[in-house]
*Asks:* 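Quick one: the structure is below, questions incoming.
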Amino acid sequence: MSKHYWLMKTEPSVFSIDDLQKQQKAWWDSIRNYQARNFMMKDMQVGDEILIYHSSAEPPGVAGLAKVSQLAKPDPVQFDKTSDYFDPKASKEKPIWFCVQIEYVSKLKNFVPIEQLRAEPKLKDLLALKRGQRLSIQPVSEKDFNFIKKLGG
DNA sequence: GCCAACGTTGGC
DNA sequence: GCCAACGTTGGC
């Protein structure tokens, strides 16, 4: 199967590209949206490339690159009663939420703010720029991925 | 802090 | 299965 490309949002005050660089690998847990879960469960393959997007940041934008390093497994946080992301409906036998592991690739030399993305006619189809688009994991076309990578230096 | 847009929940 | 109410996201 061919490689897929993704954009994954994270709030840098919670988990930033620098955090990922420090720990190199991270399970992308606590995702509680079915569409985002389905992308991780059904579509992500080891080696898929990822744009790490800083949301609710000043400014928001694409901060770095990562790749999928492990296929989806049940998200352990759904079983953790002390977590905000605990899900009482989930059980070990019937987990509801899944997460993939991602691996740090690089920090963009030049952070690409959303303003710059919006200014590029070539990126008119980028989902992240559509109004009301809140999905925290989004597919990106190979063209757009490479173009944004180039913008980042 | 505002608020539009969207996803989810729950009563019926 | 509809849909109003509610909660959340995330740019501004």
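Throughout, protein chains are lettered first and strands after them, A, B, ... in sequence-line order, and every chain is numbered starting at 1.
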*Asks:* Using a cut-off of strictly less than 4.0 Å, decide whether A:Tyr34 has a side-chain nitrogen or oxygen near OP1 or OP2 of B:dT9.
*Replies:*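 Checking A:Tyr34 against B:dT9: no side-chain N or O falls below 4.0 Å of OP1 or OP2.
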*Asks:* Expressed in angstrom and rounded to an integer, what is the separation of A:Arg118 atom CZ from C:dG11 atom C1'?
*Replies:*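 Taking atom C1' of C:dG11 as the reference, CZ of A:Arg118 is at 7 Å.
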*Asks:* Please report the interatomic distance CG(A:Leu117) to OH(A:Tyr53), rounded to the nearest 0.5 Å.
*Replies:* 7.0 Å
*Asks:* Check each residue of residues 123-139 of chain A for a non-hydrogen atom within less than 4.0 Å of any atom in DNA chain B, then write out the ones that pass by number, or none.
*Replies:* A:Arg131, A:Gly132, A:Arg134
*Asks:* Given side chains that start at C-beta, do those of A:Gln78 and A:Arg32 come closer than 4.5 Å, heavy atoms only?
*Replies:*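 Heavy-atom side-chain distance check passes, below 4.5 Å.
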*Asks:* Could you check how far CD of A:Gln35 sits from P of C:dT8, rounded to whole Å?
*Replies:*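 One finds 19 Å between P of C:dT8 and CD of A:Gln35, rounded.
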*Asks:* Please report the distance, rounded to the nearest Å, between NE2 in A:His54 and P in C:dT9.
*Replies:* 17 Å
*Asks:* Listed in order of residue number, which residues of residues 78-98 of chain A have a non-hydrogen atom at under 4.0 Å from DNA chain B?
*Replies:* none
*Asks:* At under 4.0 Å, does any side-chain N or O of A:Lys9 touch on OP1 or OP2 of C:dT9?
*Replies:*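 Negative; the distance criterion is not met.
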*Asks:* Just to verify, which of A:Lys9, A:Lys130, A:Met8 counts as forming a side chain to side chain contact (heavy atoms under 4.5 Å, CB included) with A:Gln138?
*Replies:* A:Lys9
*Asks:* Heavy atoms, side chains only, cut-off 4.5 Å: are A:Ile137 and A:Met44 in contact?
*Replies:*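 Sidechains of A:Met44 and A:Ile137: in contact.
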*Asks:* Between atom CG in A:Asn33 and atom P in B:dC6, what is the gap in whole Å?
*Replies:* 13 Å
*Asks:* How many Å lie between CD1 on A:Ile31 and C1' on C:dT9, as a whole number?
*Replies:*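 So the two atoms are 12 Å apart, to the nearest Å.
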*Asks:* Is any side-chain heavy atom of A:Val68 less than 4.5 Å from a side-chain heavy atom of A:Trp28?
*Replies:* no
*Asks:* Does the side chain of A:Leu127 reach to within under 4.5 Å of the side chain of A:Leu135, using non-hydrogen atoms?
*Replies:* no
*Asks:* Side-chain contact test, heavy atoms from C-beta onward, threshold under 4.5 Å: evaluate it for A:Gln133 versus A:Leu129 and give yes or no.
*Replies:*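 Contact flag for A:Gln133/A:Leu129 side chains = no.
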*Asks:* More than 12 non-hydrogen atoms from neighbouring residues, nucleotides or ligands closer than 6.0 Å to OH on A:Tyr85, yes or no?
*Replies:*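 No, because the 6.0 Å sphere around OH of A:Tyr85 holds 12 heavy atoms or fewer from other groups.
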*Asks:* For A:Ile50 and A:Lys67, work out which heavy atoms get closest and say how close.
*Replies:*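 Looking at all heavy atoms of both residues, the shortest contact is CD1-C, 3.8 Å.
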*Asks:* Taking atom P of C:dC12 as reference, at what distance in whole Å does atom CD of A:Glu115 sit?
*Replies:* 8 Å
